[in-house]
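Here is the structure we will look at, set down as structure tokens.
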Amino acid sequence: MAHSLKILFFLFSTLSIIPLSHQLEQHPLDSLTAKEFIRVQAIVNQSHPTSTTNLTFQYIGLNEPDKQAVLSWLQNHPTTTPPPRQAFVVARINHQTHELIIDLSRDDIVSDRIHHGFGYPSLTFQEQIDADQLVSNHAPFLAALNKRGLKAEKVVCGSFTVGWFGETKQNGRVVKIMCYYLDGTVNLYMRPIEAITVTVDLEAMKIIHFQDRLVVPVPKAAGTDYRESKQKPPFGPELKGITVVQPDGPSFTIDGSRVR
């Protein structure tokens with residue numbers, strides 16, 4: 001179970017990249033900077049001071065200005081100021097999904113709409129880690145591993161949404177926990193632990209269903225390691241190195257977030 005945090009971070013950390021520096025001359029369509037992300041979080045937290053334990057950020061991004069405002073700025077640049085910087089935020093506050101627009105020039109929330117339709121925002125890293133940890137401490141699950149002769153420290157679990165199939169009733173934010181067995185391979189997906197069903201309610205952060213239906217053998221670890229260093233004939237030899245060089249310099253320029 002100790003591997004869960006590392007695996008989740010590796011799988012999902014590449015999905016979002018936060019800019020690390022603020023451009024001296026900011027384009028209206030530049031992504032939010034690290035400092036702006038922090039300001040957005042502070043503004044939302046301050047507006048809901050009693051909800052900090054039930055407040056999670058599912059999405060923070062630039063609320064793009066009107067196209068005509070951007071074109072007007074480009075035509076009159078640099079004599080005019082750019083359109084106001086705004087952020088679009090999706091947050092879970094007191095078990096409700098809020099869609100907020102924040103004006104960073106005023107440090108103020110200009111719109112706060114609660115989403116009542118179908119669908120829920122994405123999972124956060126911490127929600128997935130917490131849900132997986134519930135399973136690692138669940139006595140029936142540990143008993144199921146012991147029955148199969150599996151080592152708990154070699155088990156890696158992941159959280160997966162259950163999906164929406166046209167139901168007219170809200171079922172809440174529920175995830176299914178699926179677990180895999182390492183012990184001799186790094187290719188966890190080749191060794192699923194099957195026939196164990198675990199579902200977790202993310203809002204209550206508790207296991208709401210557990211079932212161990214039958215014992216299905218876990219596939220062997222041999223031959224499942226996909227790393228090049230572990231490959232043997234008849235698979236091909238290592239590729240020879242290649243170098244691409246532009247001796248006169250690159251044929252492109254990078255200006256902030258723009259590539260020319």
Side-chain angles (χ1 to χ4, degrees), residues 5-48 55-93 97-115 117 119-129 158-159 161 228 239-260:
L5 178 58
K6 295 180 181 179
I7 295 292
L8 280 172
F9 180 79
F10 174 77
L11 290 176
F12 298 111
S13 62
T14 56
L15 295 180
S16 60
I17 301 174
I18 298 177
L20 298 179
S21 62
H22 193 292
Q23 305 299 331
L24 294 177
E25 184 181 9
Q26 201 169 40
H27 190 282
L29 298 181
D30 278 347
S31 300
L32 297 181
T33 66
K35 289 182 179 180
E36 288 174 327
F37 271 86
I38 295 172
R39 286 170 57 197
V40 166
Q41 290 179 310
I43 293 168
V44 176
N45 282 319
Q46 289 170 7
S47 68
H48 298 84
L55 195 159
T56 57
F57 293 90
Q58 270 66 24
Y59 176 81
I60 300 177
L62 177 69
N63 188 50
E64 294 187 0
D66 180 74
K67 181 176 181 180
Q68 192 56 48
V70 176
L71 292 176
S72 176
W73 175 80
L74 288 172
Q75 293 170 356
N76 299 287
H77 179 71
T79 59
T80 59
T81 57
R85 294 278 287 175
Q86 291 187 337
F88 176 69
V89 179
V90 177
R92 288 288 289 179
I93 304 173
T97 301
H98 289 245
E99 296 178 342
L100 307 102
I101 296 177
I102 297 174
D103 191 323
L104 290 168
S105 63
R106 305 185 314 188
D107 285 349
D108 187 29
I109 297 176
V110 296
S111 174
D112 185 349
R113 186 177 73 89
I114 297 177
H115 176 75
Y120 294 96
S122 60
L123 310 178
T124 67
F125 292 146
Q126 193 59 52
E127 285 175 328
Q128 295 173 77
I129 293 169
S159 304
T161 56
E228 184 182 17
L239 297 176
K240 295 182 179 179
I242 182 173
T243 302
V244 178
V245 178
Q246 287 185 286
D248 298 325
S251 300
F252 59 88
T253 59
I254 299 178
D255 178 17
S257 300
R258 288 165 285 182
V259 179
R260 293 187 175 89

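The aromatic rings of Tyr59 and Phe88 are tilted relative to each other, their planes meeting at an angle between 30° and 60°.
We find the CD1-CG distance between Ile101 and Asn63 to be 4.5 Å, quoted to the nearest 0.5 Å. Separating the OG1 atom in Thr161 from the CD atom in Gln128 is a distance of 9.5 Å, to the nearest 0.5 Å. The distance from the CD1 atom of Ile93 to the CG atom of Asn45 is 8.5 Å, given to the nearest 0.5 Å. Atoms CD1 and CD1, on Ile38 and Ile43 in that order, are 12.0 Å from each other to the nearest 0.5 Å. Here the NE2 atom belonging to His115 is positioned 9.5 Å from the CZ atom belonging to Arg92, to the nearest 0.5 angstrom.
If you check the side chains of Glu99 and Thr97, you find no donor sitting under 3.5 Å from an acceptor.
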Name every donor-acceptor pair, under 3.5 Å, that has one atom in a side chain of residues 120-127 and the other anywhere in the protein, sequence neighbours excluded.
{"unit_1": "Tyr120", "atom_1": "OH", "unit_2": "Gln170", "atom_2": "OE1", "d": "3.1"}
{"unit_1": "Tyr120", "atom_1": "OH", "unit_2": "Gly172", "atom_2": "N", "d": "3.1"}
{"unit_1": "Thr124", "atom_1": "OG1", "unit_2": "Glu127", "atom_2": "N", "d": "3.1"}
{"unit_1": "Thr124", "atom_1": "OG1", "unit_2": "Glu127", "atom_2": "OE1", "d": "3.4"}
{"unit_1": "Gln126", "atom_1": "NE2", "unit_2": "Asp130", "atom_2": "OD1", "d": "2.8"}
{"unit_1": "Glu127", "atom_1": "OE1", "unit_2": "Thr124", "atom_2": "N", "d": "3.0"}
{"unit_1": "Glu127", "atom_1": "OE1", "unit_2": "Arg173", "atom_2": "NH2", "d": "3.1"}
{"unit_1": "Glu127", "atom_1": "OE2", "unit_2": "Arg173", "atom_2": "NH1", "d": "2.7"}

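Within the 3.5 Å criterion, the main-chain N or O of Leu29 finds a donor-acceptor partner in the side chain of His27. A donor-acceptor pair under 3.5 Å is formed between the side chain of Asp103 and the backbone N or O of Ser105.
Residue pairs that meet the salt bridge (charged side-chain N to carboxylate O under 4.0 Å, His left out) test with at least one member in residues 74-88, sequence neighbours left out, are Glu36-Arg85. Residue pairs meeting the salt bridge (charged side-chain N to carboxylate O under 4.0 Å, His left out) criterion with at least one member in residues 55-67: none, sequence neighbours excluded.
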Step-by-step side-chain contact (heavy atoms from CB on, under 4.5 Å) determination, Thr33 to Gln26: CA-CA 10 Å; Thr33 66; Gln26 201 169 40; 3.8 Å; yes
Test His48 against Asp112 for side-chain contact (heavy atoms from CB on, under 4.5 Å), laying out the working first. CA-CA 12 Å; His48 298 84; Asp112 185 349; 3.8 Å; yes
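Inter-residue side-chain proximity for Leu32 and Leu104 is flagged as met; some heavy-atom pair is nearer than 4.5 Å.
What you find for Pro28 and Leu62 is that their closest heavy atoms are O-CD2, 3.6 Å.
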